[in-house]
A.B. asks: 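Take this structure, written in C-alpha cells, and hold onto it; I'll ask about it next.
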Amino acid sequence: MSEAADATPWVPESRDLGDLESAAHECRGCELWQPATQVVFSTGDRSARVMLVGEQPGDREDEQGEPFVGPAGRVLDEALAEAGIDRSAAYLTNAVKHFRFEQRGKRRIHQKPDVRHVTACHPWLDAELAAVAPAVVVAMGATAARAVLGRTVKVGELRGHVLEEPDRPVVVTTHPSAVLRLRGRDGYDEAFAGLVADLRLAAPYA
Ligand code: URA
Ligand code: SF4
C-alpha cells in the first residue's frame, strides 16, 4: 500500500464533532495508526470557547481513547483549576491523534512526533477549528505551537502574552508533560506557575 500524504482523504465534509471522531477511527493518513490501540480524538463540545491543543496522546490516553486522562492530564487539570478555566467547558485535543511510541520490553516509550506526522494530522485540527470556532486557542508545547501557528517557534519566546493571529488569538505555553518531568525537583513550582499564568491569559475568553 502506498502511503497517504495526509489525513485529507479520511476527513468528511461534515463539521459535526461526532462525525469527525468516527471518521478519525478509520484514518490512515500516516503510519502511526498501526501500532496504536486506537485514535484519541478530543473531548469537549462545539460550544467550547477555549481550545487546548497538546502534542499527541500518551500511553494512558491510547488505552482509554480520551485525551489528557494520564499523569500529564492531572497536571493540566490542576493548572486549569488554578487559572479559573472550567475543564468541562474547554475543548481538548492534540496535534497528532495517535500515540507514537517505541516498544522496549513491556514498556511503551513515548516518542515525539516528527513534523511529517504533525503535517499529516493537520486536516483533523483544521476541521476541529472549523467545528468549534473557539475564541482562543492554547497551544501547549512546541509541537502544538507548530501545528496551530503553522511555523516552527520557540515556546520560551512566545509564551507570556496573547498572540493576535489572523484567525484568532493564540496563547503558547509549556506542555504539562514538561512540567510533570520536573515534579519533585527544583523548578517544578516555577514551571507550574508559568503554565497557570499562561492559562490565565486565555481565561477571559472562556
Ligand atoms: N500529552 C498530550 O499532549 N496529550 C495528551 O492527550 C496526553 C498527554
Ligand atoms: Fe491519521 Fe493523525 Fe493518526 Fe496519522 S496520527 S493516522 S494522520 S489520525
Side-chain angles (χ1 to χ4, degrees), residues 1-12 17 19-44 48 50-80 87-88 90-102 108-129 131 137-148 155 171-183 191-192 195 198-199:
M1 194 176 86
S2 71
E3 223 163 78
D6 72 12
T8 304
W10 289 271
V11 180
L17 287 169
D19 292 347
L20 292 174
E21 177 154 6
S22 311
H25 278 88
E26 308 305 318
C27 186
R28 305 287 183 261
C30 72
E31 80 285 4
L32 294 183
W33 68 273
Q34 204 159 16
T37 308
Q38 58 190 318
V39 78
V40 177
F41 197 69
S42 66
T43 127
V50 180
M51 182 185 283
L52 297 150
V53 183
E55 181 193 75
Q56 64 171 346
D59 186 71
R60 292 276 288 283
E61 289 78 14
D62 171 81
E63 284 173 358
Q64 294 184 34
E66 289 278 319
F68 293 105
V69 291
R74 277 201 297 278
V75 171
L76 179 60
D77 288 348
E78 285 169 34
L80 284 170
R87 192 214 220 243
S88 63
Y91 181 90
L92 271 64
T93 192
N94 284 300
V96 172
K97 308 296 196 241
H98 278 101
F99 177 38
R100 185 182 197 210
F101 60 92
E102 197 190 306
R108 303 191 301 171
I109 312 294
H110 165 275
Q111 263 196 302
K112 215 169 103 70
D114 292 340
V115 169
R116 80 195 152 84
H117 300 123
V118 176
T119 305
C121 218
H122 201 268
W124 292 115
L125 188 61
D126 272 342
E128 293 169 279
L129 286 164
V137 176
V138 180
M140 302 184 292
T143 300
R146 200 204 144 81
V148 170
V155 172
V171 173
V172 170
T173 190
T174 344
H175 196 285
S177 300
V179 177
L180 182 67
R181 279 196 288 275
L182 294 170
R183 184 162 274 172
F192 183 77
L195 176 60
D198 290 333
L199 291 172

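Each ligand, and each atom within it, is numbered from 1 in the order the structure gives. Along the sequence shown, the residues carry numbers beginning at 1.
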A.B. asks: Has ligand 1 got any nitrogen or oxygen that is less than 3.5 angstrom from a nitrogen or oxygen of F68?
C.D. replies: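 The answer is yes, given that F68 and ligand 1 share an N or O pair closer than 3.5 Å.
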A.B. asks: What is the nearest protein non-hydrogen atom to atom 4 (N) of ligand 1, stated with its residue, atom name and distance?
C.D. replies: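 Ranking protein heavy atoms by distance from atom 4 (N) of ligand 1, first comes N94 OD1, 2.7 Å.
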A.B. asks: May I ask you to identify, for M140, whether its side chain, its backbone, both or neither come under 4.0 Å of ligand 1 on a heavy-atom basis?
C.D. replies: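 Neither; no heavy atom under 4.0 Å.
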A.B. asks: Out of curiosity, is R60 lining ligand 1, as in a heavy atom under 4.0 Å away?
C.D. replies: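 Checking ligand 1 against R60, which is what was asked, there is no heavy-atom contact under 4.0 Å.
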A.B. asks: Could you give the distance from CZ (F192) to CG (L182), rounded to the nearest 0.5 Å?
C.D. replies: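 Rounded to the nearest 0.5 Å, the CZ-CG separation comes to 12.5 Å.
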A.B. asks: Output the list of atoms in ligand 1 that are nearer than 4.0 Å to some heavy atom of G54, sorted by atom number.
C.D. replies: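 Ligand 1 atoms under the 4.0 Å threshold to G54: 3 (O).
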A.B. asks: Could you tell me which atoms of ligand 2, counted from 1 in the order shown, lie closer than 4.0 angstrom to a heavy atom of V96?
C.D. replies: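 Near V96, meaning under 4.0 Å from one of its heavy atoms, ligand 2 has 5 (S).
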A.B. asks: Atom 2 (C) of ligand 1: which protein heavy atom is closest, and how many Å away?
C.D. replies: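 Of every protein heavy atom, Q56 O, 2.9 Å lies nearest to atom 2 (C) of ligand 1.
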A.B. asks: When you measure from atom 3 (O) of ligand 1 to every protein heavy atom, which one gives the shortest distance, and what is it?
C.D. replies: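 So the nearest neighbour among protein heavy atoms is H175 NE2, 2.6 Å.
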A.B. asks: Just to be sure I read this right, does ligand 2 sit under 4.0 Å from the backbone of W124, its side chain, both, or neither, counting only heavy atoms?
C.D. replies: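 For W124, only side-chain atoms sit under 4.0 Å from ligand 2.
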A.B. asks: What's the shortest distance from atom 4 (Fe) of ligand 2 to any protein heavy atom, and which residue and atom give it?
C.D. replies: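 Going atom by atom, the protein heavy atom closest to atom 4 (Fe) of ligand 2 ends up being C30 SG, 2.3 Å.
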A.B. asks: Which residue owns the protein heavy atom closest to atom 2 (Fe) of ligand 2, what's the atom, and how far is it?
C.D. replies: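 Going atom by atom, the protein heavy atom closest to atom 2 (Fe) of ligand 2 ends up being C121 SG, 2.3 Å.
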A.B. asks: Identify, by atom number and element, the atoms of ligand 2 in contact range of A120, meaning under 4.0 Å from any of its heavy atoms.
C.D. replies: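 Within the 4.0 Å cut-off of A120, ligand 2 contributes 7 (S).
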A.B. asks: If I consider every N, O or S atom in H98, which one ends up closest to atom 3 (Fe) of ligand 2? I only need its name.
C.D. replies: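 Nearest N/O/S atom: ND1.
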A.B. asks: Which heavy atom of V53 sits nearest a heavy atom of A144, and at what distance?
C.D. replies: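 Where V53 meets A144 most closely, the heavy atoms are O-CB, 3.3 Å.
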A.B. asks: Carefully, step by step, assess N94 and F68 under the rule side chain to side chain contact (heavy atoms under 4.5 Å, CB included).
C.D. replies: CA-CA 9 Å; N94 284 300; F68 293 105; 3.8 Å; yes
A.B. asks: Can you tell me how far apart CG (L199) and CE (M140) are? Round to the nearest 0.5 Å.
C.D. replies: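 Going from the CG atom of L199 to the CE atom of M140 covers 7.5 Å.
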A.B. asks: So how far is it from E63 CD to D59 CG, rounded to the nearest 0.5 Å?
C.D. replies: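 Nearest 0.5 Å value for the CD-CG distance: 5.0 Å.
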A.B. asks: State the CZ-OG1 distance between F101 and T37, to the nearest 0.5 angstrom.
C.D. replies: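 Those atoms lie 7.0 Å apart.
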A.B. asks: If the cut-off is 4.0 Å to any non-hydrogen atom of C27, which atoms of ligand 2 fall inside it?
C.D. replies: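 Per the distance check, 1 (Fe), 6 (S), 7 (S), 8 (S).
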A.B. asks: List ligand 1 atoms under 4.0 Å from P67, heavy atoms only on the residue side.
C.D. replies: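 Checking each atom against P67, I get 6 (O).
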A.B. asks: Quick check for you: to the nearest 0.5 Å, what is the distance between K97 atom NZ and C27 atom SG?
C.D. replies: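 So the NZ of K97 and the SG of C27 are separated by 10.0 Å.
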A.B. asks: Evaluate the side-chain proximity of V138 to D198: yes if any heavy-atom separation is below 4.5 Å, no if none is.
C.D. replies: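 SC-SC contact between D198 and V138 ruled out.
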A.B. asks: Counting only nitrogen or oxygen atoms and a 3.5 angstrom limit, does E55 reach ligand 1?
C.D. replies: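 Right, the criterion is met.
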A.B. asks: Could you check H98, H110, E61 and say which one makes a side chain to side chain donor-acceptor pair (under 3.5 Å) with Q56?
C.D. replies: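 Of the listed options, the one satisfying the test is H110.
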A.B. asks: So which heavy atom on P113 is nearest to which on V96, and how close?
C.D. replies: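 Between these two residues, the closest heavy atoms are CB-CG2, 3.9 Å.
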